[in-house]
Amino acid sequence: MKNIRIRGGRPLDGTVHIQGSKNAALPMMAAAVLHRGTTVLRGCPKITDVFFMEKILEKMGAKTSWKGSSLYLDCSSLENTDIPDQYACRMRCSVILLGALLGRFGRGAIAPPGGCVIGDRPVDLHLDLLKTMGTHIEKEQGSLKAYTPSLRGSVFRFGKQSVGATEHGMIAAVLAEGTTCLENCAREPEISWLAEFLNNMGASVTGAGTKRIQIRGVKALHDSVFEVPPDRIVAGTYICAAAATRGKIRIENPPLTELSAFLGVYSKMGGQYDSVGGKLIADGSRAWGPVTRLETDVYPGFPTDLQSPVMAVLSLARGKSHIRENIFEDRFRVAEDLVRMGAHIRINGRDAYIDGAQRLRGCRVRAQELRGGAALILAGLAAEGETTVEGLGFVERGYEHIQEDICSLGGEVVVEGSLPVNSNEEDTVKR
Ligand code: UD1
């Protein structure tokens, strides 16, 4: 078990550079499969989920390498169309590889995909979309086997806005015959970035960022280089860390527009921010205000991925807050550990009622998933005494160097232990 030990009570103060976005990089890596050549992702985050995806691509026959923070993906000799179970079942977004494989080879197989334990997380929309585009899908020995003579451009309306399914549709349609029109699409920034990435490879995608995306199928793609934009969730997490410790941080490369809903809530808490010359200064020294009602929503609403970090901050507020989680039904697991640290939180289904405790005390707690784990680290930074957060591997799925970042901001943290072989937290692919 890999743990992080935190000595709390120090306001954070310093400058941080935000890593490339996890949720942008992963679908781009999957989309690289479409091209018989090389795709380079500059500023790709070195996080476990990226290493998982890299390992999957290698197992399928791709050649991958790193030069600094640039990830080179050469998929010219990729031929194995079975997505290895060992990794796929750990990472939910691996399902979108199926669309890329179908686009390039007309076949693909995957075990039911996994991911963080934050709810049911079905893949019905993904499969319905592929079926509409002319794919036959069969369940065989617990695996989904998909094949198509050729994907055909279609009109598909998502019954519900889904980030992953929208990305899947875009990727599947790139090499399909004719034009695909996706309706009721999610509008998250990662979708617009994926469209830019695909167009940079020679695809023809328009409308990303709106509810209606059109993809005109092309015959082939070309080598490309793309810079992964900064991670809005990591940026929001560090702003929450400053707020929880009543500190002040400077972000060198803030994804400002994409943080807009979060910054609105941060302002309600009393957090102040200023953008100067493209940098963001977030002063959380007075961020003790409660938020009477906060609801997570699809973009441009408040992101579910920042709900747990904000809950940690609201646990320290001077008053009562209410959070409603509209995206994932089981995303309040962290509350139990926050309560152990002295927070006053009552959960009722999708609602969390938080009576600001104003102070937390350090103790031993356990990360159960990525963002909840990050929230516990924030709580530890603000708490009196020492906190040990077990299960740092969950956090490393999405945060590239959380220990170094916190230390550079003046926080006191030490990483202890290592991961056992076959750990569920992480895999041995980390390098
Ligand atoms: C992505 C992000 C994740 C973020 C989430 C919501 C990545 C790698 N992950 O996850 O960090 O928390 O968006 O912003 O980008 N749903 C269905 N059927 C489906 C697909 C989804 O019912 O086939 C439901 C889900 O259960 C959930 C909702 O739709 O309730 C939204 O999920 P979705 O947007 O698909 O999330 P992900 O793409 O998995």
Side-chain angles (χ1 to χ4, degrees), residues 18-35 39-45 49-50 53 71 93 96 99-100 103 125-126 129 156-158 160-176 179-218 221 224-236 251 253-264 275 278 280 296-306 327 398:
I18 301 298
Q19 69 186 60
S21 160
K22 165 175 101 67
N23 290 353
L26 292 172
M28 289 174 190
M29 291 176 75
V33 168
L34 291 166
H35 173 50
T39 305
V40 182
L41 289 176
R42 285 213 199 118
C44 188
D49 273 12
V50 162
M53 187 62 102
L71 175 60
C93 95
I96 66 178
L125 297 171
H126 296 250
L129 161 93
F156 185 82
R157 184 178 173 80
F158 295 103
K160 179 175 192 177
Q161 284 182 31
S162 155
V163 177
T166 302
E167 292 167 343
H168 202 165
M170 291 161 70
I171 291 171
V174 164
L175 297 177
T179 297
T180 299
C181 185
L182 303 174
E183 292 174 355
N184 197 27
C185 295
R187 293 180 290 161
E188 267 64 4
E190 292 76 16
I191 290 166
S192 304
W193 294 331
L194 177 64
E196 270 183 54
F197 166 86
L198 291 170
N199 288 340
N200 189 47
M201 295 170 89
S204 173
V205 182
T206 51
T210 73
K211 286 192 178 176
R212 192 165 183 274
I213 301 179
Q214 274 205 331
I215 306 105
R216 188 171 48 78
V218 296
L221 300 167
S224 64
V225 180
F226 194 82
E227 178 88 30
V228 180
D231 193 307
R232 63 193 171 108
I233 306 302
V234 172
I251 297 182
N253 56 336
L256 258 185
T257 317
E258 295 80 6
L259 276 172
S260 172
F262 165 76
L263 287 172
S275 147
L280 178 78
T296 60
D297 207 347
V298 292
Y299 192 82
F302 187 89
T304 172
D305 287 350
L306 283 172
I327 309 295

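Given the structure is predicted, the values throughout are model-derived calculations rather than measurements.
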Exercise for review: Please check if the side chain of Q19 supplies one atom and the backbone of P45 the other of a donor-acceptor pair under 3.5 Å.
Suggested key: no
Review point. For the side chain of N184 and the backbone of K211, is there at least one donor-acceptor N/O pair under 3.5 Å apart?
Key: no
Practice item. For R187, look at atom CZ and say whether over 12 heavy atoms of other residues, nucleotides or ligands are found less than 6.0 Å away. Key: yes
Point to revise | W193 side chain reached by M28 side chain, heavy atoms, under 4.5 Å | key: yes
Study note, to complete from the structure: Heavy-atom closest pair (T210 atom, I213 atom, distance to 0.1 Å) is O-CG1, 4.2 Å
Practice item. Of all the heavy-atom pairs spanning V174 and A203, show the shortest one and how long it is. Key: CG1-CB, 3.9 Å
Review point. Taking only residues two or more places apart in sequence, or in another chain, which ones meet F262 in a ring pair (Phe, Tyr, Trp, His ring centres under 6.0 Å)?
Key: none
Review point. Within a strict 4.5 Å, meaning less than it, do heavy atoms of the I18 and P254 side chains meet?
Key: no
**Study point:** side-chain contact (heavy atoms from CB on, under 4.5 Å) assessment of C185 paired with R212
**Key:** CA-CA 6 Å; C185 295; R212 192 165 183 274; over 6 Å; no
Point to revise | Spacing of CD1 belonging to I215 relative to CG belonging to L175, to within rounding of 0.5 Å | key: 12.0 Å
Point to revise | Inter-residue atom distance I251.CD1 - L259.CG, 0.5 Å rounding | key: 7.0 Å
Practice item. Ignoring hydrogens and angles, tell me if any N or O in the side chain of T166 forms a donor-acceptor pair with the backbone of A186 under 3.5 Å. Key: yes
Review point. Any side-chain heavy atom of R232 sitting closer than 4.5 Å to one from P189?
Key: yes
Review point. So do H126 and I96 actually touch side chain to side chain, heavy atoms under 4.5 Å?
Key: yes
Check your understanding: Do the side chains of D231 and P255 get nearer than 4.5 Å, heavy atoms only?
Key -> no
Review point. Do you know which two heavy atoms are closest between V50 and A25, and how far apart they sit?
Key: CG2-CB, 4.4 Å
Review point. Is there a side-chain contact between L71 and V40 (heavy atoms, below 4.5 Å)?
Key: no
Check your understanding: How long is the span from the CG atom in D297 to the OG1 atom in T304, to the nearest 0.5 Å?
Key -> 10.5 Å
Revision key, fill the gap. Shortest non-hydrogen pair, F158 vs L182, comes out as CE1-CB, 4.0 Å
Review point. Is there side-chain contact between E190 and S21, with heavy atoms separated by less than 4.5 Å?
Key: yes
Study note, to complete from the structure: Nearest heavy-atom contact between L306 and G236 is CD2-C, 3.7 Å
Review point. So how far is it from M53 CE to C93 SG, rounded to the nearest 0.5 Å?
Key: 4.0 Å
Review point. Roughly how far, to the nearest 0.5 Å, is CG of L125 from OG of S162?
Key: 5.5 Å
Exercise for review: Could you tell me the separation between the CG atom of L194 and the NE2 atom of H168, rounded to the nearest 0.5 Å?
Suggested key: 11.5 Å
Practice item. Any chance you could lay out the side-chain contact (heavy atoms from CB on, under 4.5 Å) test for Y299 and V163, step after step, and finish with the verdict? Key: CA-CA 10 Å; Y299 192 82; V163 177; over 6 Å; no
Check your understanding: Which atom names give the shortest non-hydrogen contact between L34 and I171, and what distance separates them?
Key -> CD1-O, 3.7 Å
Review point. Do L198 and M201 have side chains that get closer than 4.5 Å, going by heavy atoms?
Key: yes
